There are 2 protein chains.
Amino acid sequence: MTEQPAQTTTAGDPATARGEQTRQLIRDTAMRLFRERGYAQTTMRAIAQEAGVAVGNAYYYFGSKDHLIQEFYAQSQVAHRAAAQPVLEREDAFGARLAGVLHAGIDVLTPSHAFAATFFKTAAEPTSPLSPFSAESSGPRQAAIELFGEVLTGSTAKVDAELRPQLPELLWLAYMGVILYWVHDRSPGQTKTRQLIDGAVPLIDRLVGLSRLRVLRPVTRQVLDLIRTLRH
Amino acid sequence: MTEQPAQTTTAGDPATARGEQTRQLIRDTAMRLFRERGYAQTTMRAIAQEAGVAVGNAYYYFGSKDHLIQEFYAQSQVAHRAAAQPVLEREDAFGARLAGVLHAGIDVLTPSHAFAATFFKTAAEPTSPLSPFSAESSGPRQAAIELFGEVLTGSTAKVDAELRPQLPELLWLAYMGVILYWVHDRSPGQTKTRQLIDGAVPLIDRLVGLSRLRVLRPVTRQVLDLIRTLRH
DNA sequence: GTCGGCAGTTGAACACGTTCAAGAAGGGCG
DNA sequence: CGCCCTTCTTGAACGTGTTCAACTGCCGAC
């Protein structure tokens, strides 16, 4: 028991031994309070008190309040993967797979919309380890990109050979765009985000299909070159 | 004495109440300190002290530290407009005008890259009045969209009639995307952002041109319908 | 059995953004 | 001049995230 194979954070948390239990207690308490009261309204003192530990103890396990958000990310990513599984098993058309996985992501996040939105404030800061582009989130990010890789590999779609290796990351980027929209989406139940997915997926689907056309080959290459240049 | 009745504009000062002077002093001090030390490292106490006023006085003029960012935002927008002027007078090709205006925007922001990046964290929060999509920033936003309207109206480009009214806002959205990239751009002098502009503008240019083609008309309409649906 | 080391734990203390009740500074009016 | 009202200014006080020196309890070494 208490085997922790994960390489969760590099920030000097060996966390092999006794305190693992405390760590989980604090994390779960924080998640609960975030959901109940929202992020800003949940104080570190409240988390500590509800968990029955001292404030400083929370900081022993989590470098900052923001790091607790990262925990939420990781959990969401795992839940997203699980929610996408049935879709990946059922569908084989590229469009249906992509739409299904995108919807699954929003499904997972929806219960947390009210407070998750404020997270993205921190996530948008480039210097923050919470940025989806940061080295610290490279674990969850790679897992997410891999998920979109499965969208592609399991599908019947024929994709331009040059585009194919780039596509999973591009789809993940599109997913980030969907989330950005979702965060700002004030429509009841975030129905507009659903419309965005349903509207954008056919376009992406068509675009991916067109990428193989001889006439569009130069454009495809031009776009891919640009993207390769811009990647960090 | 010799005060004009009031409210006439811009002769010497905005002529409103006595504290206008203090307001500007605080604002300018804050901008200077932001540039010198960065946003997080500049405390409200430091701003007040350097400006020679009490802390509470700063809060009389600016509702929060974040509101000082909005001041920066407004100043940048005005500077962007001014920097774009020569381009708008010189160029008449759509691509050249768009590239020029985008570069002008980055030109204006470049000296503040180090600290401007961190304030986008606040801007990304949907609930924040600083969000570029918020009602509170609708003034600067409208001005910015208007700027991209001028990019279009002054150009020789022929644009699909249905696309034309939407295009300024779409170009502004693209500009927001450029800024998002710029914020995360760690390349020296943010040269990659320049490459992004130079690479993306021809694509946008071509896309806008293609929008009039009969074959692509359905796609154009489909995209525009989606956008209209998604607008808040 | 005792002792040393170290993961784990504590809570007071610090710096920060923000608030607020109180006061000062003007200016119009009798 | 004296009065009043609005505008402006003050700084102590509050609640927050975060730090840190001190403490506790456990476990292996001798």
Side-chain angles (χ1 to χ4, degrees), chain A residues 2 4 9 11-27 29-30 33-34 37-71 115 118-119 121-122 125 127-130, chain B residues 1-7 13-27 29-30 33-34 37-71 115 118-119 121-122 125 127-130:
Chain A
T2 69
Q4 193 71 3
T9 48
D13 305 317
T16 42
R18 338 203 287 275
E20 187 57 28
Q21 201 171 323
T22 310
R23 182 194 177 88
Q24 289 181 18
L25 173 63
I26 293 171
R27 186 195 59 196
T29 307
L33 290 183
F34 285 169
R37 317 180 180 178
Y39 180 68
Q41 285 69 39
T42 302
T43 70
M44 291 299 284
R45 283 169 180 81
I47 294 172
Q49 186 174 346
E50 290 265 322
V53 300
V55 198
N57 203 6
Y59 281 91
Y60 181 79
Y61 292 102
F62 302 95
S64 71
K65 194 181 174 187
D66 286 354
H67 279 75
L68 283 165
I69 296 181
Q70 209 158 17
E71 214 66 17
F115 82 93
T118 71
F119 282 7
K121 144 185 176 178
T122 317
E125 190 182 22
T127 62
S128 164
L130 277 128
Chain B
M1 49 177 65
T2 76
E3 277 296 90
Q4 288 291 346
Q7 308 293 31
D13 266 355
T16 43
R18 335 197 290 272
E20 187 58 28
Q21 200 170 325
T22 311
R23 182 192 177 89
Q24 288 180 19
L25 174 63
I26 293 170
R27 185 195 60 195
T29 306
L33 291 184
F34 285 169
R37 315 181 182 177
Y39 179 68
Q41 284 70 38
T42 302
T43 70
M44 291 300 283
R45 284 171 178 80
I47 294 171
Q49 187 175 345
E50 289 264 324
V53 301
V55 199
N57 204 5
Y59 280 92
Y60 181 79
Y61 292 103
F62 303 95
S64 72
K65 193 181 175 187
D66 286 353
H67 279 74
L68 283 165
I69 294 181
Q70 208 159 17
E71 212 66 16
F115 85 93
T118 72
F119 87 51
K121 147 187 174 177
T122 316
E125 190 184 21
T127 62
S128 164
L130 276 129

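Naming: A, B, ... by sequence-line order, numbering from 1 per chain. Keep in mind that what you see is a predicted model, and the values were worked out from it rather than measured.
Residue contacts for A:Val55: at a heavy-atom cut-off of 4.0 Å it reaches a base atom on one of the strands shown.
Atom OH of B:Tyr39 is separated from atom C1' of C:dC16 by 12 Å (rounded to the nearest Å). Taking atom CD of residue A:Gln49 and atom P of nucleotide C:dT10, one finds them 13 Å apart after rounding to whole Å. Atom-to-atom, CG of B:Leu25 to C1' of D:dC8 comes out at 14 Å; the value is rounded to the nearest Å. Going from atom OH of B:Tyr59 over to atom P of C:dA21 covers 17 Å, rounded to whole Å. For the pair B:Met44 CE and D:dT10 P, the interatomic distance rounds to 14 Å; values are reported in whole Å. Atom pair B:Gln41:CD and C:dA15:C1' shows a separation of 13 Å (rounding to whole Å applied). Per the geometry, CZ belonging to A:Phe62 stands 15 Å off P belonging to D:dG17, to the nearest Å. Across the protein-nucleic acid pair, A:Lys65 atom NZ and D:dG17 atom P stand 4 Å apart, rounded to whole Å.
Going from atom CD1 of A:Ile69 over to atom OG of A:Ser64 covers 8.0 Å, rounded to the nearest 0.5 Å. If you take OH on A:Tyr39 and CG on A:Leu33, they are separated by 13.0 Å, rounding to the nearest 0.5 Å.
Geometrically, B:Arg23 does not engage B:Tyr60 in a cation-pi contact, judged by NZ or CZ lying under 6.0 Å from the ring centre and within 45° of the ring axis.
Residue B:Tyr61 has a polar side-chain atom (N or O) positioned under 4.0 Å from OP1 or OP2 of D:dT9. In terms of phosphate contacts, B:Ser64 brings no side-chain nitrogen or oxygen within less than 4.0 Å of OP1 or OP2 of C:dG17. For C:dT10, one of the phosphate oxygens OP1 or OP2 lies less than 4.0 angstrom from a side-chain nitrogen or oxygen of A:Asn57. In terms of phosphate contacts, B:Thr22 brings a side-chain nitrogen or oxygen within less than 4.0 Å of OP1 or OP2 of D:dT9. Under 4.0 angstrom from either OP1 or OP2 of D:dT9 there lies no side-chain N or O belonging to B:Tyr60.
Each of B:Arg45 and B:Arg23 has a nearest nucleotide on DNA chain D; the 5'-most of these lies closest to B:Arg23.
Closest to the side chain of A:Val53, out of D:dT10, C:dT19, C:dT10, is C:dT10.
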*Could you give me the CA-CA distance, side-chain angles and deciding distance for B:Leu68 and B:Phe34, then say whether side-chain contact (heavy atoms from CB on, under 4.5 Å) is met?*
CA-CA 10 Å; B:Leu68 283 165; B:Phe34 285 169; 4.1 Å; yes
_side-chain contact (heavy atoms from CB on, under 4.5 Å) evaluation trace for A:Arg27 with A:Tyr61_ = CA-CA 9 Å; A:Arg27 186 195 59 196; A:Tyr61 292 102; over 6 Å; no
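Summary for the helix from C:dG1-D:dC30 to C:dG30-D:dC1: the axes at its two ends, each from 5 pairs, differ by 30° when rounded to the nearest 10 degrees.
Between A:Ile47 and A:Lys65, the closest side-chain pair of non-hydrogen atoms is not below 4.5 Å. Within the 4.5 Å cutoff, the side chain of B:Phe115 has no heavy atoms near those of the B:Gln41 side chain.
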